[in-house]
Amino acid sequence: MNIWQTILDLIDMRSFSNLWYWIALAVTWSTASHWVLGVPYDMVLRARRKQGVAAQDLVTITGVNVRRLLMIGREAGMVIVLVASFLLTTLIVWGFVYGMEFAQAVALIMVPLALVFGLSLRSAARLEPLLAAGADAETVARILTHHRVAVQAVGLVAITVTSLWGMLQNFQLSPLG
């Protein structure tokens, strides 16, 4: 047995039957819902509970991340949209037209993440004028919480669809199907 065969056996391109894929899916959505616009959600909770310095820190780090995200969107937004559209379309065609399971698995993670990126830009654009006007920590925390709930809703639908699609794929390839 050569090294390439060992590596391919370890990776297993049949993603939906691979434990590592499901771990990656869980970590992806856990991370996406914890880091809201680049702000850890525990910081939002701490700012709501303790006020004071924690609230100032929340407003400061949110302001930095909002400006960074909007700068990226304004300066490279068109290129990001074009490249992401091309890559996502390629994954979808490879996966769902040509039947490549690995492309299906990656598309079922990346398409909802693209939606989350759009939601993040929308929330950042909503926060920008409020932060410039000196918004209080409670207003910032409320908007970040609403954004987190939206991300969790997208993640819930994505995990459900991915699980159902993965089970369908595994049943079709099993001796029982």
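Along the sequence shown, residues are numbered consecutively beginning with 1.
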*Asks:* Do the side chains of Asp42 and His34 get nearer than 4.5 Å, heavy atoms only?
*Replies:*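 Heavy-atom side-chain distance check passes, below 4.5 Å.
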*Asks:* State, with a plain yes or no, whether a side-chain heavy atom of Leu113 is found less than 4.5 Å away from one of Thr28.
*Replies:*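 When only atoms from C-beta onward are counted, Thr28 and Leu113 do touch, with a gap below 4.5 Å.
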*Asks:* Would you indicate whether the side-chain heavy atoms of Trp165 and Thr160 approach each other to under 4.5 Å?
*Replies:*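 A side-chain contact under 4.5 Å is absent here.
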*Asks:* Any chance you could measure Thr145, atom OG1, to Glu138, atom CD, to the nearest 0.5 Å?
*Replies:*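 That separation rounds to 8.0 Å.
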*Asks:* Measuring from atom CD of Gln152 to atom OG of Ser30, what distance do you get when rounded to the nearest 0.5 angstrom?
*Replies:*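 Going from CD on Gln152 over to OG on Ser30, the span is 9.5 Å.
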*Asks:* Do you know which two heavy atoms are closest between Ala107 and Ile92, and how far apart they sit?
*Replies:*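 What the structure gives for the nearest pair is CB-CG1, 4.4 Å.
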*Asks:* Distance check, rounded to the nearest 0.5 Å: Asn170 atom CG versus Glu101 atom CD?
*Replies:*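 Result: 6.5 Å between the selected atoms.
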*Asks:* Looking at Trp22, I'd like to know if its CH2 atom is crowded, meaning that more than 12 non-hydrogen atoms belonging to other residues, nucleotides or ligands lie closer than 6.0 Å.
*Replies:*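 Yes.
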*Asks:* Which word best sums up how the rings of Phe16 and Tyr21 line up, parallel for under 30°, tilted for 30 to 60°, or perpendicular for over 60°?
*Replies:*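 Rings of Phe16 and Tyr21: perpendicular, over 60°.
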*Asks:* Determine whether Leu119 and Met110 fall in the same hydrophobic cluster, where Ile, Leu, Val, Met, Phe, Trp and Tyr are linked whenever their side-chain heavy atoms lie under 4.5 Å apart.
*Replies:*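 Yes, it is one cluster - the side chains of Leu119 and Met110 are joined through contacts under 4.5 Å.
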*Asks:* Any idea which heavy atoms bring Asn65 and Gly38 closest together, and the distance?
*Replies:*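 So the minimum-distance heavy-atom pair works out to ND2-O, 3.1 Å.
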*Asks:* Do Val39 and Val149 sit in the same hydrophobic cluster, where Ile, Leu, Val, Met, Phe, Trp and Tyr count as joined when their side-chain heavy atoms come under 4.5 Å apart?
*Replies:*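 Different hydrophobic clusters.
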*Asks:* Could you report the tightest heavy-atom contact between Ser123 and Leu37, atom names first, then the distance?
*Replies:*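 Looks like CB-CD1, 4.1 Å.
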*Asks:* Any salt bridge between Arg68 and Glu128, counting N to O under 4.0 Å?
*Replies:*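 Judged by the 4.0 Å cut-off on N to carboxylate O distance, Arg68 and Glu128 do not form a salt bridge.
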*Asks:* Determine whether Arg67 and Met71 make a side-chain contact, defined as any pair of heavy atoms from C-beta on separated by less than 4.5 Å.
*Replies:*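 Arg67 vs Met71: side chains apart.
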*Asks:* Mind checking the CG-OG spacing from Leu168 to Ser163? Nearest 0.5 Å is all I need.
*Replies:*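 If we round to the nearest 0.5 Å, Leu168:CG and Ser163:OG are 12.5 Å apart.
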*Asks:* Kindly compute the distance separating CG (Leu87) from CG (Leu82), expressed to the nearest 0.5 Å.
*Replies:*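 Reported value, rounded in 0.5 Å steps: 11.0 Å.
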*Asks:* Check the pair Leu69 / Phe117 against side-chain contact (heavy atoms from CB on, under 4.5 Å), numbers first and verdict last.
*Replies:* CA-CA 10 Å; Leu69 189 59; Phe117 183 70; 3.9 Å; yes
*Asks:* Under 3.5 Å, is there a donor on one side chain and an acceptor on the other for Asp57 and Thr60?
*Replies:*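 Per modelled atom types, Asp57 and Thr60 side chains form no pair under 3.5 Å.
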*Asks:* Indicate, with yes or no, if Trp35 and Ile159 share a hydrophobic cluster defined by side-chain heavy-atom contacts under 4.5 Å among Ile, Leu, Val, Met, Phe, Trp and Tyr.
*Replies:*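 In one cluster: no.
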*Asks:* Going only through I, L, V, M, F, W and Y residues with side-chain contacts under 4.5 Å, is there a path from Val83 to Leu121?
*Replies:*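 Each belongs to a different hydrophobic cluster.
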*Asks:* Indicate, with yes or no, if Leu58 and Val64 share a hydrophobic cluster defined by side-chain heavy-atom contacts under 4.5 Å among Ile, Leu, Val, Met, Phe, Trp and Tyr.
*Replies:*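 Cluster IDs for Val64 and Leu58 differ.
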*Asks:* Between His147 and Ile143, does a side-chain contact (heavy atoms from CB on, under 4.5 Å) hold up when you go through it step by step?
*Replies:* CA-CA 6 Å; His147 177 68; Ile143 292 171; 5.6 Å; no
*Asks:* For Ser33, is there any backbone N or O sitting under 3.5 Å from a side-chain donor or acceptor partner on Arg148?
*Replies:*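 Yes; judged by distance alone, with no hydrogens or angles, the pair exists.
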*Asks:* Taking all heavy atoms of Val44 and all of Ala141, pick out the closest pair and write down the distance.
*Replies:*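 In this case the closest contact between Val44 and Ala141 is CG1-CB, 3.7 Å.
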*Asks:* Let's go through Val151 and Val36 carefully: what are the C-alpha distance in whole Å and the side-chain angles of both, what is the deciding distance for side-chain contact (heavy atoms from CB on, under 4.5 Å) to 0.1 Å, and is it a yes or a no?
*Replies:* CA-CA 8 Å; Val151 169; Val36 184; over 6 Å; no
*Asks:* For a 4.5 angstrom cut-off between non-hydrogen side-chain atoms, does Leu127 reach Leu144?
*Replies:*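 In short, these two side chains touch, coming nearer than 4.5 Å.
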*Asks:* Before giving the answer on side-chain contact (heavy atoms from CB on, under 4.5 Å), spell out for Phe96 and Leu108 the whole-Å C-alpha distance, their side-chain angles and the decisive distance to 0.1 Å.
*Replies:* CA-CA 11 Å; Phe96 298 99; Leu108 287 169; 4.2 Å; yes
*Asks:* Can you find a heavy atom in the side chain of Trp29 that is under 4.5 Å from one in the side chain of Val116?
*Replies:*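 Yes, their side chains come closer than 4.5 Å.
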*Asks:* If I take atom CD1 from residue Ile72 and atom OG from residue Ser120, how far apart are they, to the nearest 0.5 angstrom?
*Replies:*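 One finds 11.0 Å between CD1 of Ile72 and OG of Ser120.
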*Asks:* Would a 4.5 Å heavy-atom cut-off, applied to side chains only, mark Thr162 and Ile109 as touching?
*Replies:*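 Thr162 does not reach Ile109 side chain to side chain.
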*Asks:* Would you say the side chain of Leu130 lies within less than 4.5 Å of the side chain of Val140, judging by non-hydrogen atoms?
*Replies:*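 Val140 vs Leu130: side chains apart.
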